[in-house]
Structure formats: C-alpha cells, structure tokens
Amino acid sequence: MPFSKFNLCPLILKALEQNDYSTPTPIQEKVIPLVLQKHDIMAKAQTGSGKTASFVLPILNIYSQNKALGKAKIKALILTPTRELTLQVANSFDIFSEFLEKKPKVVSVIGGQSIGDQLLDIQKGCDIVVATPGRLLDIIKKGQINLSNLEFFVLDEADKMLDLGFEDELELVLNSLPDIRQNLLFSATYPPKMLEIASKITQNPTEVSIAFEEPTVQTIKQRAIEVNLENRSALLRDIISNEKLEQVLVFMANKRASDNIASKFRKYGLKAESFHGDLIQEDRNITLENFKTKKTNILFATDIAARGLHIDDISCVVNYDLPRSADDYIHRIGRTGRAGKSGLAISFITLENKEHFKLIQKRSNIKLDFEQVEGFELIGNPIEKQKGKEPIKGKRKSKKDKLREQNENKSN
Ligand code: AMP
C-alpha cells in the first residue's frame with residue numbers, strides 16, 4: 001500500500017518518492033492516520049521500525065495546511081534523549097518538507113553547541129523545535145522560549161530518556177507546556193515507570209504496538225563467538241577480513257578502549273574511528289558522516305551510539321564488550337538489519353562474561369550456540385563471579401546519580 005492512501009500533501013509524497021520511501025512500515029501504517037485524526041498516541045516501537053517518519057509526516061502534513069502568516073510560532077516540540085537523535089529527527093523534517101511551498105523552520109536545541117545561536121534561531125521565529133531535555137530546560141529557565149502555541153508534543157525513545165536519568169528534566173519541561181496539545185509517545189519498552197509517565201503526558205491515548213516488531217530483529221543473524229579476552233582484537237580483524245564485512249559497528253565498554261582500539265586498527269591500515277560522548281559535537285558529526293559515507297568502515301563506539309542512529313548500511317554489529325542489559329543487547333543489534341535488510345550481530349564471549357551472556361540470552365529469549373574460530377579457541381575455565389563486600393549504603397553514588405553525571409554534559 002503506498003503512502004498516497006494517507007491523503008498526504010502531494011509535495012510531501014514527492015519528497016517520500018525522492019527518498020525511496022515507497023511503502024509505509026507497519027508502525028507508519030498505524031500511527032500516521034491516527035495522528036492525522038488528532039489522537040494522542042502511546043506507541044511501542046523500536047528504532048529501525050520507521051517510527052520517526054510516523055510522526056514527522058503527519059505533523060508536516062498538518063503544518064502544510066496551515067496558512068498562518070507572520071512570525072512563526074512553535075507548533076511542535078520533539079524531545080529526544082540524545083544529540084544525535086535530535087539532529088536526525090530535525091533532518092527528517094528538513095528532508096520531507098523539501099518541496100513544501102513554505103518550509104517549516106526547524107531548530108535543533110542540543111548541548112555541545114552555542115546556546116546563543118540556538119536562542120537567536122528560536123527568537124527569529126520557528127515552527128518546530130527538536131531538543132534534548134537538558135539544553136531545552138536551560139532555555140526554558142531563561143524565559144527565552146514561548147511554547148504557549150504548541151500543538152504537538154512528541155517524546156521519542158522515552159525509555160532511553162529515563163535510562164539516562166532525565167526524569168526530573170522531563171517533568172519540568174512538561175510543566176512548561178500548554179495543557180491542550182496532541183501527545184505522541186514512542187518507547188521501545190513500557191516498564192511500570194514508563195506507564196506512570198505516559199499517564200502524565202498523554203490523555204486517553206490510542207495504544208499502538210506492532211505485532212510483528214520482532215522481524216526487525218529476526219532478520220539479524222546472531223552469533224556468539226568464544227574467545228579469550230586478549231585475543232578479541234586479532235579475532236575481530238580476522239573476521240572482518242575473512243568475512244569481507246564492509247560497515248562494522250563495534251561496541252566497546254568505555255571511551256578509552258574505543259579510542260585505543262581504533263588507533264590500533266588504523267596502524268594495521270584499517271579505516272577505523274572511535275565515536276563516544278567525549279567528542280565535541282562537530283567531531284561526532286564528522287565521525288558519523290565518515291562512517292555513513294563509507295570513508296571509514298569500522299566504527300568503535302560506546303553505548304551512546306546504540307540507539308537512534310540512522311545508518312542503514314551497517315553490515316555487522318560486534319559486541320566486543322557485552323552490553324549491561326538484555327534491552328541494550330536488543331538495541332545494539334538493532335543497528336544492523338534495518339529497514340528490512342538482513343544483518344549480522346556477533347558477540348564475543350570470554351571466560352569473564354559467559355555467565356552474563358547467558359543471562360542476556362535468557363532475558364531476551366534467545367539461545368545461540370557458542371562458536372569457536374580456528375586459531376582463536378577459548379582456553380581456560382569460566383570465571384566464577386567473586387562475591388565482594390556489600391556496598392555501604394550512602395557511601396556510593398546511586399546508578400541514577402552516576403548516569404546523570406555522565407550525561408549532563410554529554411547527551412545534552
Ligand atoms: P527509524 O526507526 O525512524 O529510525 O527508521 C529506520 C530507518 O528506516 C531510517 O533510516 C529510515 O530512513 C528508514 N525508513 C523508515 N521508513 C521507511 C520507509 N517507509 N521506506 C523506506 N525506508 C524507511
């Protein structure tokens with residue numbers, strides 16, 4: 001079924017065609033008509049499902065029918081957890097409004113870039129603001145943004161927002177919005193906390209979940225390869241070369257490891273770069289662009305890259321270090337096999353993380369056979385988790401505090 005059945009403006013249809021969007025994805029099938037009919041939405045959707053266009057297209061369509069003259073007023077606010085996602089969503093608005101007679105003015109509000117420029121853009125008048133919560137809140141607190149004309153509030157990747165510890169910021173942003181508005185909530189998971197927040201944001205929402213969400217993940221071939229910790233780097237080079245992998249996203253446990261291995265791979269003549277939250281925004285953009293345009297083939301990244309990146313041609317995702325949770329595992333591997341393409345996800349299983357991987361498998365309902373690669377066979381016995389002393393309450397920072405500290409300067 002083509003996009004034309006939604007009665008979208010022909011100029012938006014032209015942009016869809018130009019970008020090779022011929023058939024709506026299941027989430028778009030469901031969400032687009034509901035948004036056009038002015039429903040509040042509570043959607044369960046993973047990245048890779050096409051959720052961005054499911055809100056961008058109807059918002060643009062409604063915008064295109066509005067012939068208001070004079071200085072632009074903010075009609076839509078889209079809140080996302082990370083800078084990258086913010087830029088990608090803003091880019092979607094730009095792409096799909098390309099042929100509109102009156103293109104909406106879209107401003108991205110993120111940390112790591114000049115607040116002065118963002119304030120100026122807002123004050124000159126804009127129609128759509130796409131923002132991360134921290135920077136938006138700074139601007140709200142300065143009294144420099146008028147959200148009283150808002151018609152749409154979109155919360156994208158809401159569960160990630162909570163994971164990053166932005167609950168208080170979200171609450172404060174919500175307090176600054178007009179009561180009457182259309183709310184579109186997107187989250188990959190709906191734990192009880194998320195449902196509580198959903199009830200604060202949306203009014204009588206239509207719940208949308210794609211019954212066939214799993215195929216996104218089912219198109220991904222998952223492998224678990226046993227290897228000793230110290231042999232992972234050599235094994236990775238071996239796999240990339242033997243299996244002729246082209247665009248490989250490799251997840252690392254921390255920034256330093258990511259930088260170190262990228263520079264080591266470059267010494268081997270491989271086109272590798274490192275991507276993490278310590279890079280200044282401009283470098284992040286360049287690194288991503290290099291990977292998207294295939295100037296580099298191997299991107300070592302921390303989890304900040306795990307969600308929301310719109311790179312369709314990742315042939316393989318490697319868990320060099322395992323993710324902490326089953327949810328993160330699903331999000332990481334979801335970076336490959338996007339938009340219906342097949343993908344490959346490889347996890348390195350070491351003596352140290354074997355038990356952890358078993359837990360991830362159990363929680364994500366998967367069961368993989370452990371493989372070995374000739375020349376890199378795993379030697380030794382699994383390491384039992386040492387029972388350490390219980391942490392002393394009050395002496396340690398809570399997980400939430402740590403996350404907030406980490407993300408205060410990075411994700412905003
Ligand atoms: P998202 O889940 O919004 O991050 O989208 C995942 C990827 O699928 C993006 O790179 C989109 O460009 C692509 N995509 C989304 N919807 C469609 C569609 N209907 N046809 C082709 N590509 C799409």
Side-chain angles (χ1 to χ4, degrees), residues 1-6 8 12-33 35-36 41 43-61 76 78-98 106 108 128 130 154-161 184-189 208-210 212-220 247 249 288-289 291-294 299 304-315 317 327 330-343:
M1 283 275 225
F3 277 98
S4 51
K5 71 172 171 183
F6 298 128
L8 294 171
I12 295 178
L13 292 177
K14 186 175 168 190
L16 282 165
E17 200 185 318
Q18 180 115 338
N19 287 281
D20 296 325
Y21 276 49
S22 52
T23 320
T25 64
I27 188 87
Q28 290 161 3
E29 284 271 349
K30 290 194 175 173
V31 170
I32 294 174
V35 180
L36 293 172
I41 305 231
K44 185 162 188 256
Q46 290 174 316
T47 48
S49 59
K51 64 182 169 57
T52 314
S54 80
F55 63 82
V56 166
L57 296 174
I59 291 178
L60 278 179
N61 202 67
I78 294 90
L79 215 54
T80 91
T82 64
R83 297 171 187 178
E84 280 70 34
L85 191 58
T86 293
L87 295 176
Q88 284 161 9
V89 170
N91 188 40
S92 279
F93 276 109
D94 281 339
I95 288 174
F96 294 122
S97 63
E98 184 181 350
V106 182
S108 300
I128 297 167
V130 192
V154 183
L155 186 59
D156 197 9
E157 304 210 352
D159 50 350
K160 172 79 172 171
M161 195 89 84
L184 314 177
L185 174 63
F186 293 84
S187 187
T189 55
V208 176
S209 80
I210 342 162
F212 307 108
E213 229 177 312
E214 276 82 324
T216 329
V217 172
Q218 276 166 13
T219 57
I220 301 167
Q247 294 306 103
L249 176 62
L288 277 189
E289 201 51 33
F291 190 59
K292 280 187 195 173
T293 55
K294 304 188 181 171
L299 191 64
I304 194 165
R307 294 207 192 202
L309 293 185
H310 290 233
I311 306 175
D312 289 334
D313 283 336
I314 295 176
S315 43
V317 164
D327 267 0
I330 298 293
H331 286 296
R332 281 185 180 188
I333 70 168
R335 304 305 81 230
T336 177
R338 286 165 78 86
K341 293 183 187 159
S342 62

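Just so you know, ligand 1 is whichever comes first in the structure, and atom 1 is the first atom listed for that ligand.
With K294 contributing its side chain and Q247 its backbone, the two residues share no donor-acceptor pair below 3.5 Å. Side-chain N or O atoms of T52 include none that pairs as donor or acceptor with a backbone N or O of V89 at under 3.5 Å.
Remark: K14 engages F99 in a side chain to side chain contact (heavy atoms under 4.5 Å, CB included) (not counting sequence neighbours). Applying the side chain to side chain donor-acceptor pair (under 3.5 Å) test to T86 and every residue at least two apart in sequence or in another chain returns T80.
Checking only distances, S22 never comes within under 3.5 Å of ligand 1, N or O to N or O. Note: an N/O pair closer than 3.5 Å links G50 and ligand 1 by distance alone.
Close contacts of ligand 1 with T23, meaning ligand atoms under 4.0 Å from a residue heavy atom, involve 18 (C), 19 (N), 20 (N). Of all atoms in ligand 1, numbered sequentially from 1 with element shown, those under 4.0 Å from a heavy atom of F3 are 19 (N). Short contacts between ligand 1 and T52, defined as distances under 4.0 Å to a heavy atom of the residue, involve ligand atoms 1 (P), 3 (O), 4 (O). Of all the atoms in ligand 1, the ones that sit under 4.0 Å from a non-hydrogen atom of S49 are 2 (O). Numbered from 1 in the order shown, with element, the atoms of ligand 1 that lie under 4.0 Å from a heavy atom of T25 read 16 (N), 17 (C), 19 (N).
Between Y21 and F3, the two ring planes are tilted [angle within 30° to 60°].
Residue-level proximity to ligand 1 for Q88 is absent, since no heavy atom of it falls below 4.0 angstrom.
Counting heavy atoms from C-beta outward, L299 and L288 have side chains that approach closer than 4.5 Å.
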